[in-house]
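Structure record follows, encoded as C-alpha cells.
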Amino acid sequence: MIIGNATSRLTTNQRFGDTVTLIKNTGSYVNGAYVDGTPQTISVRVHHQPSNADDRSNLPEGERLREAITVWIKSSDREFVRPVRQGVKNSKGDIFQIGGINYEVYSVDNFSLDQHIKAICMRIENQSD
C-alpha cells in the first residue's frame, strides 16, 4: 500500500528525529538599541527538511533564493524559538546547527493545539562547508 511505504520511508529517513544544537540568542534592548548577549547552547530533538515554496513565501522577498530549511519542534512554549526581527527593532534570531551548518531562524509558526512549533530557517552565508 502506498501509504504504508511512504510511512516506512519517513520513519527510516535519517533527517527525521535528529538531535541538533540550538544556539539561543540572549540579546536585549538597552536604551532602545539592541545589544548582543551571551548565547546559550542547548540540544533539541527536531524534524527538519528543505523548505517548500509555501514555507519560502514567509521569508523576505530578497532572501527566498538562499538555502532554507523547515524545522519542527515539539514545544508548547510560544517563545521557545526566536526569529530575526527586522525593521525598527532589529535583532538576531536563534541558530540551529544541523549537519555542521548554521541556519538562522527567520519565521516561526506556533501550532498550540498540537503543541509544536514550525521554524523556517536560512543558511548563514560565508561559513565553511
Side-chain angles (χ1 to χ4, degrees):
M1 183 173 192
I2 293 175
I3 294 173
N5 290 338
T7 303
S8 65
R9 280 195 303 268
L10 288 177
T11 56
T12 59
N13 186 338
Q14 293 179 357
R15 291 186 171 264
F16 252 62
D18 290 339
T19 299
V20 301
T21 300
L22 174 62
I23 302 171
K24 302 281 296 163
N25 180 6
T26 60
S28 61
Y29 292 94
V30 178
N31 297 325
Y34 183 79
V35 178
D36 286 331
T38 304
Q40 296 177 341
T41 303
I42 59 173
S43 292
V44 294
R45 192 155 175 87
V46 302
H47 300 290
H48 61 94
Q49 61 193 36
S51 295
N52 61 29
D54 288 337
D55 291 342
R56 288 178 174 277
S57 68
N58 290 323
L59 299 173
E61 275 189 38
E63 304 290 344
R64 293 179 186 167
L65 295 178
R66 288 177 44 199
E67 180 181 343
I69 62 169
T70 300
V71 178
W72 296 88
I73 308 135
K74 183 81 170 163
S75 176
S76 58
D77 181 1
R78 297 182 72 99
E79 301 297 322
F80 183 72
V81 179
R82 189 159 124 174
V84 167
R85 304 248 189 253
Q86 297 176 335
V88 176
K89 291 190 173 186
N90 293 328
S91 68
K92 295 180 180 178
D94 293 340
I95 296 172
F96 284 99
Q97 289 182 332
I98 300 173
I101 299 172
N102 293 336
Y103 296 90
E104 189 168 24
V105 178
Y106 267 74
S107 174
V108 176
D109 290 327
N110 183 294
F111 297 89
S112 57
L113 292 177
D114 294 332
Q115 296 187 347
H116 67 270
I117 296 168
K118 175 181 170 183
I120 301 167
C121 312
M122 289 195 308
R123 182 180 176 150
I124 297 175
E125 294 182 348
N126 301 321
Q127 57 183 322
S128 59
D129 292 340

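Keep in mind the model is a prediction, meaning the values are calculated, not measured.
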Worksheet entry | Sub-4.5 Å side-chain heavy-atom contact between Val108 and Lys118 | no
Worksheet item: Heavy-atom distance under 4.5 Å between the side chains of Ile101 and Arg123, does that happen here?
Response: yes
Item to complete: For Ser51 and Thr70, indicate whether the former's side chain and the latter's backbone hold a donor-acceptor pair under 3.5 Å.
Response: yes
Worksheet item: From Leu59 CG over to Ser107 OG, what is the distance, rounded to the nearest 0.5 angstrom?
Response: 7.0 Å
Fill in: Parallel, tilted or perpendicular: rings of Trp72 and His116 (30°, 60°)
tilted
Practice prompt. Working to the nearest 0.5 Å, report the span between CD1 of Ile120 and CZ of Arg56.
Written response: 9.5 Å
Practice prompt. Report yes if some heavy atom in the side chain of Arg82 is under 4.5 Å from a heavy atom in the side chain of Val105; otherwise report no.
Written response: no
Item to complete: Would you kindly confirm whether Ile98 and Ile23 end up in one hydrophobic cluster when ILVMFWY residues are joined by side chain heavy atoms under 4.5 Å apart?
Response: no
Worksheet item: Looking at CD1 of Ile117 and CG of Asn110, how far apart are the two atoms once the value is rounded to the nearest 0.5 Å?
Response: 5.5 Å
Worksheet item: Does the side chain of Ile95 reach to within under 4.5 Å of the side chain of Asn25, using non-hydrogen atoms?
Response: no
Discussion item. Side chains of Glu104 and Met122, heavy atoms from C-beta outward: is any pair under 4.5 Å?
Written reply: no
Item to complete: Tell me, with the steps shown, if Phe96 and Ile73 meet side-chain contact (heavy atoms from CB on, under 4.5 Å).
Response: CA-CA 11 Å; Phe96 284 99; Ile73 308 135; 3.6 Å; yes
Fill in: Non-hydrogen side-chain atoms of Phe80 and Lys74 separated by less than 4.5 Å
no
Discussion item. side-chain contact (heavy atoms from CB on, under 4.5 Å) for Lys92 and Val84? Distances and angles first, verdict last.
Written reply: CA-CA 5 Å; Lys92 295 180 180 178; Val84 167; 5.8 Å; no
